[in-house]
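In what follows, every chain begins at residue 1, and chains take the letters A, B, ... in the order their sequences are listed.
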Amino acid sequence: MFVDPKLQQELERVAVLRKLPAGAELMRAGDAITHIPIVRKGSLRILAQDAEGRERFLYHIMPGETCALSLTCCASKRTSSVMAVVEEDVELWMVPIQYLETWMDFPEWRRYVNDTQAQRFNELLETIEVIAFNKLDEQLWNYLLKRVQATGEPILRVTHQEIANELDSPREVITRLLHQLQARGRVSIGRGTVDVKMGAGMAAGS
DNA sequence: ACATTAAGTGATT
DNA sequence: AATCACTTAATGT
């Protein structure tokens with residue numbers, strides 16, 4: 001994980017290793033943040049969540065990465081505003097937040113925190129762009145692609161309803177858009193599954 | 001066989 | 001693009 005043996009040693013000393021199965025919820029909006037999760041294996045899916053329980057997919061956290069939001073959240077001692085769901089079975093290092101600051105003495109840690117912040121920021125911008133300027137069919141395709149990339153599995157076990165929830169859109173619309181994608185050979189759908197055909201981008205249409 | 005859940009459809013705004 | 005009302009199909013017990 002870290003090159004600096006001292007930092008690595010610190011990590012192994014204070015972090016609690018935690019394993020969670022796909023689909024498990026690591027945290028929900030409103031939860032207090034006591035630990036910073038660093039993904040060792042697997043991946044997490046991060047969703048925005050509002051007071052009424054509506055959701056919105058934001059991005060994934062992949063191995064070696066940590067949640068930039070928890071970093072800023074605990075720095076300002078606020079509660080989480082996002083929900084974290086396990087995408088692919090994960091192993092997490094749970095680092096008590098107190099070490100966030102004390103570890104700043106390690107240059108490598110500073111760089112790591114900085115890098116993840118920058119990376120997340122870019123990803124966030126990207127998803128904002130998708131949400132703000134793209135039509136739902138493009139958002140859907142983007143969503144499917146990201147999830148496939150995050151799981152390494154081309155076949156997603158998801159219902160239309162679940163997708164609809166995460167894109168905050170009615171199920172019927174998702175069903176119809178999935179059919180369009182199927183007609184274009186980009187996916188094939190089964191009950192509770194979507195088989196995503198990887199390959200070229202979205203290109204042309206309607 | 002029955003109940004439940006997922007998906008498909010058409011009409012309406 | 002959203003919402004409704006309803007049908008049909010798959011799946012679990």
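Using modelled atom types, one side-chain atom of A:E108 and one backbone atom of A:D4 make a donor-acceptor pair closer than 3.5 Å.
The residue from A:N165, A:L167, A:D50, A:T127 that alone fulfils the side chain to side chain contact (heavy atoms under 4.5 Å, CB included) condition with A:R56 is A:L167.
Per the geometry, CG belonging to A:N134 stands 11 Å off P belonging to C:dA1, to the nearest Å. Taking atom CZ of residue A:R157 and atom C1' of nucleotide C:dA10, one finds them 13 Å apart after rounding to whole Å. Distance, A:R54 CZ to C:dA2 P: 11 Å, rounded to whole Å. Rounded to whole angstrom, the span from the CG atom of A:L181 across to the P atom of B:dA7 amounts to 15 Å. Distance, A:R176 CZ to B:dG8 P: 11 Å, rounded to whole Å. Going from atom NE2 of A:H179 over to atom P of C:dA1 covers 17 Å, rounded to whole Å. Atoms CZ (A:R191) and P (C:dT8) sit 15 Å apart, rounded to a whole Å. Atom pair A:I189:CD1 and B:dA6:P shows a separation of 15 Å (rounding to whole Å applied).
Between A:T175 and B:dT9 there is no side-chain polar atom (N or O) within less than 4.0 angstrom of OP1 or OP2. For A:H160, a side-chain nitrogen or oxygen approaches OP1 or OP2 of B:dG8 to under 4.0 Å.
Taking the side chain as every heavy atom from C-beta outward, A:M62 and A:S43 approach each other to under 4.5 Å. Side-chain contact between A:I36 and A:I97: present, with at least one pair of heavy atoms (C-beta onward) separated by less than 4.5 Å.
Nucleotides of DNA chain C nearest to A:E172 and A:L177 differ in position, and the one nearer the 5' end is that of A:L177.
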